[in-house]
Participant: 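The structure follows.
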Amino acid sequence: MSPFSEQHTSLLAGCAQVLSEKELAAKLALGRPLKVKLGVDPTSPDIHLGHTVGLSKLRQFQELGHEAILIIGDFTAMIGDPSGRSATRPHLSHDQVMEHAKTYQDQAFKILDPEKTSVRFNGEWFGKMTFQDVMRLNSRVTLQQMLQREDFRERIDKGLPVRAHEIQYPIMQGWDSVVIQADVELGGTDQLFNILVGRDLQHEEGQHQQVAMMLPILTGLDGIQKMSKSLGNAVGVTEVPGEMFGKLMSISDEQMSEYYRLLLHEELSLEAHPMEAKKSLAERLTARFHSPAEALRAREEFELRFSKKDLEAADLPSYSPPPDLSTDVISLSAHAFDNVFGLKKSRSDIRRLVEGGSVSWKGEKITDPKADLSLEGGGVLKLDRKSAVRVNPK
RNA sequence: GGGUAGGUACCGAAGUGGCCAAACGGGGCGGACUGUAAAUCCGCUGGCAUCGCCUUCAGUGGUUCGAAUCCACUCCUGCCCA
């Protein structure tokens with residue numbers, strides 16, 4: 001391991017808040033590998049760029065020789081972290097959660113070194129607890145403590161319901177730290193409260209308290225809310241290169257510096273041309289989860305398709321309508337949306353797209369929803385801003 | 001348990017017997033413009049369809065020629081009291 005002070009500095013880089021830096025230094029000075037905890041809740045099957053912020057930090061610890069412990073919150077996910085939430089989360093069954101947990105792990109290893117990561121499911125300990133154990137655990141914290149959280153407060157102030165089980169969440173997350181005897185816990189800034197509960201519980205158990213290391217939270221594509229799959233503003237780490245590149249290009253200029261800092265771990269230079277900088281960001285991130293070659297291709301495709309608007313030359317998915325399908329615009333488009341992009345759109349939806357001038361066939365706008373396309377020789381059918389197919393009649 | 005205020009489309013919020021597929025705002029989508037950025041302007045935003053038809057206003061049942069609107073019961077939520 002490198003000298004502690006050097007580690008200290010590099011580990012602090014990119015953090016939003018660390019409680020406390022002094023404690024971290026002291027822990028590092030112990031000269032032993034630290035147990036570094038990062039918890040993820042498999043509430044959806046995919047990991048997105050927002051998750052990678054914490055994962056990268058964990059990876060950094062790994063590379064410095066520390067022990068990375070990835071907690072898969074199979075039990076906590078059934079409650080769902082109320083952090084930053086204005087409503088109770090929908091219930092997930094344990095089966096659903098375990099389903100997600102599989103893909104989660106695989107995807108997390110796109111960042112982490114699988115050889116050096118211990119993966120723990122918190123159902124391992126929570127699944128064994130009796131109601132008595134739960135009560136005992138609950139008696140260690142006060143309701144007032146739990147209600148200090150701003151997300152609960154806010155809901156209470158607004159007259160929205162806060163379910164009793166939701167206040168279990170921080171306690172459970174805290175207990176995870178006790179079980180694994182964490183030295184450091186990583187999390188987004190919205191995790192501060194939960195992580196501090198962990199410290200309290202550790203203290204009560206006579207353990208050394210974990211250092212709370214908070215990382216900034218990545219904003220989603222809308223530029224407003226935090227990145228989250230359920231808000232539809234996320235970039236998944238398994239998305240195909242074209243999709244990933246395209247989504248990253250849609251972020252606003254203002255957001256770019258944030259993405260540079262949190263995802264590329266560098267500062268966006270002020271002189272950089274915004275569009276070039278964005279392309280470079282998109283290309284580098286795409287390369288990270290795919291390959292440089294695929295990323296370059298995604299970039300070229302993007303330039304061809306959206307900058308030069310040359311759909312003819314673009315690499316579009318090919319689509320062969322079944323022979324018995326009517327060749328009117330609506331039927332064709334609806335079928336193509338469904339078959340090629342997996343989007344179920346109603347015929348009314350398509351009608352609106354057509355009337356709105358979004359659909360074009362062989363480069364010509366079709367605005368008549370009743371128009372019949374003779375598919376002779378095939379051609380490019382543009383459906384909406386992002387979707388187009390190359391029709392190959394059989 | 002008692003009292004009280006509510007439950008309307010993705011969200012917020014009007015509407016309190018016919019003119020309601022339901023105002024308005026936000027969000028979303030599409031178009032023009034552009035750098036798939038921002039800003040701006042315009043259109044769309046339940047389903048099917050050639051007038052039109054069908055399914056919606058927490059749920060069920062009722063009153064009525066006609067109900068989101070009235071009545072009954074049920075479910076759900078807030079607040080106050082216990």
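Just so it is clear: chains get the letters A, B, ... in the order the sequence lines come, proteins before strands, and each one is counted from 1. When reading the values below, keep in mind they use all heavy atoms of this one structure, side chains included, and skip hydrogens, waters and symmetry mates.
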Participant: Over all strands shown, is A:K382 touching base, sugar-phosphate only, or nothing at heavy-atom distances under 4.0 angstrom?
Facilitator: sugar-phosphate
Participant: If you take any heavy atom closer than 4.0 Å to RNA chain B, which residues from residues 354-372 of chain A end up in contact?
Facilitator: A:G356, A:G357, A:S358, A:K365
Participant: Evaluate the criterion side-chain hydrogen bond (donor to acceptor under 3.5 Å, both in side chains) for residue pair A:Q191 and A:Q173; output intermediate values, then yes/no.
Facilitator: CA-CA 10 Å; A:Q191 296 291 308; A:Q173 181 171 336; 3.0 Å; yes
Participant: Taking the same atom, C1', in B:A22 and in B:G17, what whole-Å distance lies between them?
Facilitator: 15 Å
Participant: Suppose you measure atom C1' in B:C80 against the same atom in B:A68; what distance do you get, rounded to whole Å?
Facilitator: 29 Å
Participant: If you measure from the Lys or Arg side-chain nitrogens to the Asp or Glu carboxylate oxygens, is any gap between A:D253 and A:K278 under 4.0 Å?
Facilitator: yes
Participant: Within the side chain of A:N122, is there an N or O that forms a donor-acceptor pair under 3.5 Å with the backbone of A:D176?
Facilitator: no
Participant: Between A:R305 and A:K386 (side chain of the first, backbone of the second, donor and acceptor by atom type, cut-off under 3.5 Å), is there such a pair?
Facilitator: yes
Participant: Determine all donor-acceptor pairs shorter than 3.5 Å in which one atom belongs to a side chain in residues 239-247 of chain A; sequence neighbours excluded.
Facilitator:
from: A:E239; atom 1: OE1; to: A:K247; atom 2: NZ; distance (Å): 3.2
from: A:E239; atom 1: OE2; to: A:G236; atom 2: N; distance (Å): 2.6
from: A:E239; atom 1: OE2; to: A:K247; atom 2: NZ; distance (Å): 3.0
from: A:K247; atom 1: NZ; to: A:A234; atom 2: O; distance (Å): 3.2

Participant: Have A:T219 and A:Q255 got a donor and an acceptor in their side chains that come within less than 3.5 Å?
Facilitator: no
Participant: Give the other cluster members for A:L296, using side-chain heavy-atom distances under 4.5 Å between Ile, Leu, Val, Met, Phe, Trp and Tyr residues; answer none if it is isolated.
Facilitator: none
Participant: Determine whether A:L221 and A:F306 fall in the same hydrophobic cluster, where Ile, Leu, Val, Met, Phe, Trp and Tyr are linked whenever their side-chain heavy atoms lie under 4.5 Å apart.
Facilitator: no
Participant: Does B:G1 have a Watson-Crick or wobble partner in any strand here, with both distances under 3.5 angstrom, and which is it?
Facilitator: B:C81
Participant: Using the C1' atom on both, measure B:U56 against B:A38 and round to a whole Å.
Facilitator: 38 Å
Participant: Would you call A:K362 and A:E376 a salt bridge, taking side-chain N to carboxylate O under 4.0 Å as the test?
Facilitator: no
Participant: Extract from the structure each pairing of a protein N or O with an N or O of nucleotides 76-82 of chain B at less than 3.5 Å, listing the distance.
Facilitator:
from: B:U77; atom 1: OP1; to: A:R163; atom 2: NH1; distance (Å): 3.4
from: B:U77; atom 1: OP1; to: A:R163; atom 2: NH2; distance (Å): 3.4

Participant: Work out how far the P atom of B:C57 is from that of B:C19, and round it to whole angstrom.
Facilitator: 16 Å
Participant: Not counting sequence neighbours, which residues clear side-chain contact (heavy atoms from CB on, under 4.5 Å) with A:K27? List them please.
Facilitator: A:L34, A:D183, A:H208, A:V211
Participant: Given A:I195 and A:M214, is the side chain to side chain contact (heavy atoms under 4.5 Å, CB included) satisfied, shown in steps?
Facilitator: CA-CA 9 Å; A:I195 296 177; A:M214 267 76 63; 4.1 Å; yes
Participant: As a quick check of understanding, evaluate side chain to side chain contact (heavy atoms under 4.5 Å, CB included) for A:W175 and A:T76, giving each step before the final call.
Facilitator: CA-CA 11 Å; A:W175 192 248; A:T76 31; over 6 Å; no
Participant: Considering only atom C1', compute the distance from B:C70 to B:C79 and round it to an integer number of Å.
Facilitator: 27 Å
Participant: Let me know which of A:R32, A:K116, A:Q60, A:Q7 forms a side chain to side chain donor-acceptor pair (under 3.5 Å) with A:H66.
Facilitator: A:Q7
Participant: Are A:E23 and A:R199 ion-paired here, with the side-chain N under 4.0 Å from a carboxylate O?
Facilitator: yes
Participant: Determine the interatomic distance between C1' on B:G46 and the same-named atom on B:C41; round to the nearest Å.
Facilitator: 28 Å
Participant: Can you find a side-chain donor-acceptor pair between A:D133 and A:T130 that sits under 3.5 Å?
Facilitator: yes
Participant: Please tabulate, one pair per line, each protein N/O and nucleotide N/O from nucleotides 7-14 of chain B that are separated by under 3.5 Å, including the distance.
Facilitator:
none

Participant: With no hydrogens and no angle check, just 3.5 Å: does a side-chain donor-acceptor pair link A:D41 and A:T43?
Facilitator: no
Participant: For the pair A:E185 (side chain) and A:Q210 (backbone), establish whether a donor and an acceptor sit closer than 3.5 Å, ignoring hydrogens and angles.
Facilitator: no
Participant: What distance, rounded to whole Å, do you find between the two P atoms, one in B:G61 and one in B:A67?
Facilitator: 14 Å
Participant: Please state how far atom CG in A:L353 lies from atom C1' in B:U45, giving the value in whole angstrom units.
Facilitator: 11 Å
Participant: Identify whether the distance between the nearest side-chain nitrogen and carboxylate oxygen of A:K158 and A:E154 falls below 4.0 Å.
Facilitator: yes
Participant: Is the distance from OP1 or OP2 of B:G47 to the nearest side-chain N or O of A:R352 less than 4.0 Å?
Facilitator: yes
Participant: I'd like to know if A:E301 pairs up with A:R297 as an ion pair, taking the criterion as any Lys NZ or Arg NE/NH1/NH2 lying under 4.0 Å from an Asp or Glu carboxylate oxygen.
Facilitator: no
Participant: Got a list of protein N/O to nucleotides 20-27 of chain B N/O distances below 3.5 Å?
Facilitator:
none

Participant: My understanding is that a pair needs two contacts under 3.5 Å, Watson-Crick or G-U wobble. By that rule, which nucleotide pairs with B:C75?
Facilitator: B:G7
Participant: Can you pull every protein N or O that's under 3.5 Å from an N or O on nucleotides 35-42 of chain B?
Facilitator:
from: B:G35; atom 1: N1; to: A:D253; atom 2: OD1; distance (Å): 3.4
from: B:G35; atom 1: N1; to: A:D253; atom 2: OD2; distance (Å): 2.9
from: B:G35; atom 1: N2; to: A:D253; atom 2: OD1; distance (Å): 2.5
from: B:G35; atom 1: N2; to: A:K278; atom 2: NZ; distance (Å): 3.0
from: B:U36; atom 1: OP1; to: A:S307; atom 2: OG; distance (Å): 3.4
from: B:U36; atom 1: OP2; to: A:F306; atom 2: O; distance (Å): 3.2
from: B:A37; atom 1: O4'; to: A:K278; atom 2: NZ; distance (Å): 3.3
from: B:A37; atom 1: O2'; to: A:D253; atom 2: N; distance (Å): 3.3

Participant: Taking only residues two or more places apart in sequence or in another chain, which ones pass side-chain contact (heavy atoms from CB on, under 4.5 Å) with A:I217?
Facilitator: A:T189, A:D190, A:K226
Participant: Please report the distance separating the C1' of B:U55 from the corresponding atom of B:A21, rounded so that it comes out in whole Å.
Facilitator: 10 Å
Participant: Which parts of residues 322-350 of chain A get close to RNA chain B, meaning a heavy atom less than 4.0 angstrom away?
Facilitator: A:S346, A:R347, A:S348
Participant: Which pairs of donor and acceptor atoms, one on a side chain in residues 316-323 of chain A, lie under 3.5 Å apart (sequence neighbours left out)?
Facilitator:
from: A:S318; atom 1: OG; to: A:N392; atom 2: ND2; distance (Å): 3.4
from: A:Y319; atom 1: OH; to: A:H335; atom 2: ND1; distance (Å): 2.5
from: A:S320; atom 1: OG; to: A:N392; atom 2: O; distance (Å): 3.0

Participant: Pairs under 3.5 angstrom, nitrogen or oxygen only, protein versus nucleotides 3-6 of chain B, please.
Facilitator:
none

Participant: Same cluster or not: A:L285 versus A:M275, using hydrophobic residues (I, L, V, M, F, W, Y) connected whenever any side-chain heavy atoms lie under 4.5 Å apart?
Facilitator: no
Participant: Which base, if any, makes a Watson-Crick or G-U wobble pair with B:C24, both distances under 3.5 Å?
Facilitator: B:G12
